[in-house]
*Asks:* 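One structure is given below, represented as structure tokens, and several questions about it will come after.
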Amino acid sequence: MSTSEDSAIIITDVSPNDREELVPILEDSFEGWYLRHSKRTLSEIGLVRQAKVNDERAGLVMLKELGNKLGYVYYIAVAKRFRGKGIGGKLLDSSLTYFFDRGMQEVYASVEEDNEESNRLFHSRDFRKTTRSELAKKYGTINSFVLIRKMLIVPGEIILFRKLSPNLDLVNETHS
Ligand SMILES: CC(C)(COP(=O)(O)OP(=O)(O)OC[C@H]1O[C@@H](n2cnc3c(N)ncnc32)[C@H](O)[C@@H]1OP(=O)(O)O)[C@@H](O)C(=O)NCCC(=O)NCCS
């Protein structure tokens with residue numbers, strides 16, 4: 001379990017039995033295919049973290065490892081009324097620290113190209129756009145194909161990534 005130093009935003013891991021409580025955040029954040037898929041992923045994925053504000057569930061992040069020391073931010077969402085208050089940023093910082101502690105060297109995410117809030121969030125944490133052909137150059141054609149399959153990139157989405165350098169410098173993070 002990890003806890004943010006900011007007393008107003010508490011970040012904790014959520015066990016599979018308690019994840020149903022987070023569904024309203026997904027319903028507030030996604031529609032159609034994304035909503036159905038995010039709900040399924042919520043119950044199946046290895047690690048889910050939530051952000052609570054005054055004991056209310058405000059946001060969540062779902063994380064997985066892709067292999068080859070690569071982490072993936074599968075879904076990140078903040079309930080509408082809690083947006084723009086730094087909660088998404090705190091969840092992402094917590095995710096980066098988690099992956100760093102697990103020895104990951106890069107972290108990936110995929111976002112819809114026209115999703116401004118999401119692009120802003122990831123760019124604020126130094127994520128940059130990459131492409132399928134850059135991935136193929138880096139990891140080879142077959143490996144990059146496997147990676148993209150694991151990320152489940154759908155049309156209209158772009159791939160973002162950032163390196164985790166040995167001196168990852170994230171503020172407001174403590175671990176217990
Ligand atoms: C994307 C999302 C998670 C962002 O959550 P949030 O809690 O509103 O994000 P934050 O308030 O932490 O803002 C993140 C960063 O964006 C930037 N930002 C936020 N509001 C901004 C504004 N009005 N103008 C400019 N920059 C802004 C800031 O740089 C901020 O970083 P900071 O923590 O250093 O200040 C939220 O909009 C959401 O749930 N969207 C729907 C679901 C979704 O699309 N998820 C992403 C794909 S899985």
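Both ligands and their constituent atoms are indexed starting at 1 by order of listing.
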*Asks:* Could you tell me, atom by atom, which parts of ligand 1 come under 4.0 Å of a heavy atom of G86?
*Replies:*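 So the answer, numbered in order with elements, is 10 (P), 11 (O), 12 (O).
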*Asks:* Is there a polar contact, in the sense of an N or O pair closer than 3.5 Å, between F122 and ligand 1?
*Replies:*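 Min N/O separation from ligand 1 is not below 3.5 Å for F122.
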*Asks:* Report yes if some N/O of G89 lies less than 3.5 Å from some N/O of ligand 1; otherwise report no.
*Replies:*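 Yes, at least one N or O pair falls under 3.5 Å.
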*Asks:* To which protein heavy atom is atom 48 (S) of ligand 1 closest, and what is the distance rounded to 0.1 Å?
*Replies:*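 Nearest neighbour among protein heavy atoms for atom 48 (S) of ligand 1, to 0.1 Å: I76 N, 3.6 Å.
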*Asks:* Regarding atom 40 (N) of ligand 1: of the candidates R83, E112, M62, which has the closest heavy atom?
*Replies:*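 Minimum heavy-atom distance to atom 40 (N) of ligand 1 goes to R83.
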*Asks:* How far is atom 7 (O) of ligand 1 from its nearest protein heavy atom, and which residue and atom name does that atom have?
*Replies:*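 That would be G88 N, 2.8 Å.
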*Asks:* Considering heavy atoms of the protein only, find what lies nearest to atom 17 (C) of ligand 1 and give residue, atom and distance to 0.1 Å.
*Replies:*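 Ranked first by proximity to atom 17 (C) of ligand 1 is R120 CG, 3.8 Å.
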*Asks:* If you count the atoms of ligand 1 from 1 in the order shown, which ones are under 4.0 Å from a heavy atom of G84?
*Replies:*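 Counting from 1, the qualifying ligand atoms are 6 (P), 7 (O), 8 (O), 11 (O).
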*Asks:* Has E157 got a side-chain atom pairing as donor or acceptor with V154's backbone, closer than 3.5 angstrom?
*Replies:*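 Yes, because the side chain of E157 sits within donor-acceptor range (under 3.5 Å) of the backbone of V154.
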*Asks:* For S110 and ligand 1, does the shortest N/O to N/O distance drop below 3.5 Å?
*Replies:*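 Between S110 and ligand 1 (N or O atoms, distance only) the closest approach is not under 3.5 Å.
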*Asks:* Nearest protein heavy atom to atom 35 (O) of ligand 1: under 4.0 Å?
*Replies:*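 Protein heavy atom within 4.0 Å of atom 35 (O) of ligand 1: absent.
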*Asks:* Would you please classify the geometry between the Y34 ring and the Y75 ring as parallel, tilted or perpendicular, with 30° and 60° separating the classes?
*Replies:*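 It falls in the perpendicular class, over 60°.
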*Asks:* Which of the atoms in ligand 1, numbered in the order shown and given with their element, are less than 4.0 Å from a heavy-atom of S118?
*Replies:*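 Counting atoms of ligand 1 from 1, those under 4.0 Å from S118 are 1 (C), 46 (C), 47 (C).
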*Asks:* Please determine if E134 and R128 form a salt bridge, counting it only when a charged side-chain N lies under 4.0 Å from a carboxylate O.
*Replies:*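 Looking at E134 and R128, the cut-off is not met.
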*Asks:* Among K90, E116, R125, K80, whose heavy atom sits nearest atom 31 (O) of ligand 1?
*Replies:*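 The option holding the nearest heavy atom is R125.
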*Asks:* Taking both backbone and side-chain atoms of F82, is any N or O found less than 3.5 Å from an N or O belonging to ligand 1?
*Replies:*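 Looking only at distances, the answer is no, because the N/O contact criterion of under 3.5 Å is not met.
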*Asks:* Are any of the N/O atoms on F30, whether in the backbone or the side chain, positioned under 3.5 angstrom from an N/O atom of ligand 1?
*Replies:*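 In this structure, F30 places no N or O atom under 3.5 Å from an N or O of ligand 1.
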*Asks:* For K69, does the NZ atom have more than 12 heavy-atom neighbours from other residues, nucleotides or ligands under 6.0 Å away?
*Replies:*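 No.
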*Asks:* Any protein heavy atom under 4.0 Å from atom 13 (O) of ligand 1?
*Replies:*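 Flag for atom 13 (O) of ligand 1 set to false, no protein heavy atom closer than 4.0 Å.
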*Asks:* For S94, does its backbone N or O pair with a side-chain atom of R49 as donor and acceptor, under 3.5 Å?
*Replies:*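 The answer is yes, because a donor-acceptor pair under 3.5 Å joins these two groups.
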*Asks:* Is the NZ or CZ atom of K150 positioned over Y108's six-membered ring, under 6.0 angstrom from the centre and within 45° of the axis?
*Replies:*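 Ring-cation test returns no.
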*Asks:* Less than 4.0 Å between a side-chain N and a carboxylate O, is that true for E117 and R83?
*Replies:*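 No, R83 and E117 are not salt-bridged.
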*Asks:* Mind checking whether N115 has an N or O less than 3.5 Å away from an N or O of ligand 1?
*Replies:*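 Yes.
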*Asks:* Report yes or no: does R162 contribute a side-chain atom to a donor-acceptor pair with the main-chain N or O of D126 at less than 3.5 Å?
*Replies:*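 Not at all, since once roles are kept as given, no pair shorter than 3.5 Å links the two residues.
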*Asks:* Closest non-hydrogen protein atom to atom 2 (C) of ligand 1, residue and atom name please, with distance?
*Replies:*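 The protein heavy atom lying closest is L121 CD2, 4.3 Å.
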*Asks:* Tell me yes or no: between the side chains of Y72 and S110, is some donor less than 3.5 Å from an acceptor?
*Replies:*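 There is such a pair between these side chains.
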*Asks:* Please find the pair of heavy atoms, one from L22 and one from Q50, that lie closest to each other, and give the distance.
*Replies:*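 Looking at all heavy atoms of both residues, the closest pair is CD2-OE1, 3.6 Å.
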*Asks:* Does N115 use its side chain to pair, donor to acceptor, with the backbone of V111 at less than 3.5 Å?
*Replies:*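 Looks like no, no N/O pair under 3.5 Å.
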*Asks:* Does D55 pair with K52 as a salt bridge, N-O distance under 4.0 Å?
*Replies:*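 Yes, this pair counts.
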*Asks:* K85 heavy atoms, cut-off 4.0 Å: which ligand 1 atoms fall inside?
*Replies:*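 Close to K85: 11 (O).
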*Asks:* To the nearest 0.1 Å, how far is atom 29 (O) of ligand 1 from its closest protein heavy atom, and which atom is that?
*Replies:*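 Looking only at protein heavy atoms, the one closest to atom 29 (O) of ligand 1 is S124 CB, 3.4 Å.
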*Asks:* Geometry only, no angles: is V78 polar-contacting ligand 1 at N/O separations under 3.5 Å?
*Replies:*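 Such a contact does occur with ligand 1.
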